[in-house]
Amino acid sequence: MELIDRYVYAVVKHLPVAQRADIDKELRGLIEDMTAETVASGQPEKTAIDTVLRKLGHPTLLAAQYRGAEQHLIGPGLYYLYVLVLKIVLLATGGGLLIAMLVNLLVHGSEAPVQTVLETIGSLFTGLIGAFGWVTLIFAAIERYSPEKIDVAKSETFDPRDLPEIPRKEERIHPADPIASMIFILIAMILANFVPRLVGLYWTGMPGGQMVPLFNEPVYRLYLPFILATLGIAMIKEIAKLVTGRWTIALSIGALLIDIPGLILTIVMFNHPGLFNPDFFTQMFALIQSADPMLLGLPLPSFLARTIIGLALFGFAVDTIKTVAMVIRKAIKL
């Protein structure tokens, strides 16, 4: 029964969530019937199960048959996840770009609305093409270099006893976790380009309103390429989590190492003395009539920077402790 459980799990994990319960039941019934027929023909039950699973073939290829379509763009083992991630990335990229550009237009206006609309369409098209290309490139790399790559030509040599153990509940990665993270990362990548013009202090005391940005734009723009690069690396981590579907020692250590560039960037960036716009803090207290005059003398920029760095260090420390604990548990069991 354990071998059947491992086989069925390996099949249904490649199927849409809504279909898994029905196919799980159907597949178990099919295996039971085929095993009974094999035993009736004179083969012992222990070897009959092995024979039946070999006839059914590799779980990934059987899952592709259940999905009812030939899928060769990336490969049967990754195609379902590739399409899922691609849909999420394109929707998040398109929606995020439109929202960011709309907010930017409403806040700052435009003297040439037609030109603005055309530029928006061009940026949207470029963003979607870029998102499609990067997702496809990442999955193509996974398909090429993954140790679990399926060679259809050699699928006849599949041995059910080589299937990995079913991961414990605490080791499994629910698809909603990396999917939500990918959406957040995409929104962050889009908004990062608009931060200097959208993040700031707004008030309507003058005709048309006024805005003082939080960041010093020339300094912020120096760090923008590194911000986008670290977010891109984080995206690769989330895709790896979605593809793997379980926490392994390699994935846990890799995920921790991937977070290091982002931590370093946070420390370096928020320690830069010219990152914040000093007019933001001056104007903020000037607008608050009841503010204590003593507040104006507080080093708020450095306090804000230290708070952000402290939160980043705390989050990294928590992740490090969790990773070390998980690696130790797995090492003991080995």
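Small disclaimer: the values here were computed from a predicted structure and weren't measured.
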Item to complete: Indicate whether any N or O donor in one side chain lies under 3.5 Å from an N or O acceptor in the other, for Thr51 and Gln43.
Response: yes

Fill in: Pairwise distance CG(Leu313) to OG1(Thr320) - rounded to 0.5 angstrom
10.0 Å

Worksheet item: Quick one: do Arg28 and Asp5 make a salt bridge, cutoff under 4.0 Å?
Response: yes

Worksheet entry | Whether Arg20 side chain and Val12 backbone form a donor-acceptor pair below 3.5 Å | yes

Item to complete: Quick one: pull up CG in Leu231 and CZ in Phe226 and give me the separation to the nearest 0.5 Å.
Response: 13.5 Å

Worksheet item: How many angstroms lie between CG in Leu275 and CD in Glu217, if you round to the nearest 0.5 Å?
Response: 12.0 Å

Discussion item. How close do Leu251 and Ala240 get, counting heavy atoms only, and between which atoms?
Written reply: CD1-CB, 4.2 Å

Worksheet item: Under 3.5 Å, side chain of Asn216 to main-chain N/O of Gly274, donor-acceptor pair present?
Response: yes

Worksheet item: Which pairs pass salt bridge (charged side-chain N to carboxylate O under 4.0 Å, His left out) with one or both residues in residues 223-239, sequence neighbours excluded?
Response: Lys237-Asp259, Glu238-Lys241

Worksheet item: Is the number of heavy atoms from other residues, nucleotides or ligands under 6.0 Å of Tyr223 OH greater than 12?
Response: yes

Discussion item. As an exercise, state the distance from OG1 of Thr230 to CG of Leu228, rounded to the nearest 0.5 Å.
Written reply: 7.5 Å

Worksheet item: Out of curiosity, Leu30 CG to Lys55 NZ, how far, rounded to the nearest 0.5 Å?
Response: 11.0 Å

Worksheet item: Can you tell me if Tyr220 uses its side chain to pair, donor with acceptor, with the backbone of Ala192 under 3.5 Å?
Response: yes

Practice prompt. Measure from the side-chain N and O atoms of Ser252 to the backbone N and O of Ile249, and report whether any donor-acceptor pair falls under 3.5 Å.
Written response: no

Item to complete: Return yes when atom CD of Gln19 has more than 12 non-hydrogen atoms of other residues, nucleotides or ligands closer than 6.0 Å, and no otherwise.
Response: yes

Item to complete: Calculate, to the nearest 0.5 Å, the distance between atoms OH and OG1 belonging to Tyr82 and Thr136 respectively.
Response: 3.0 Å

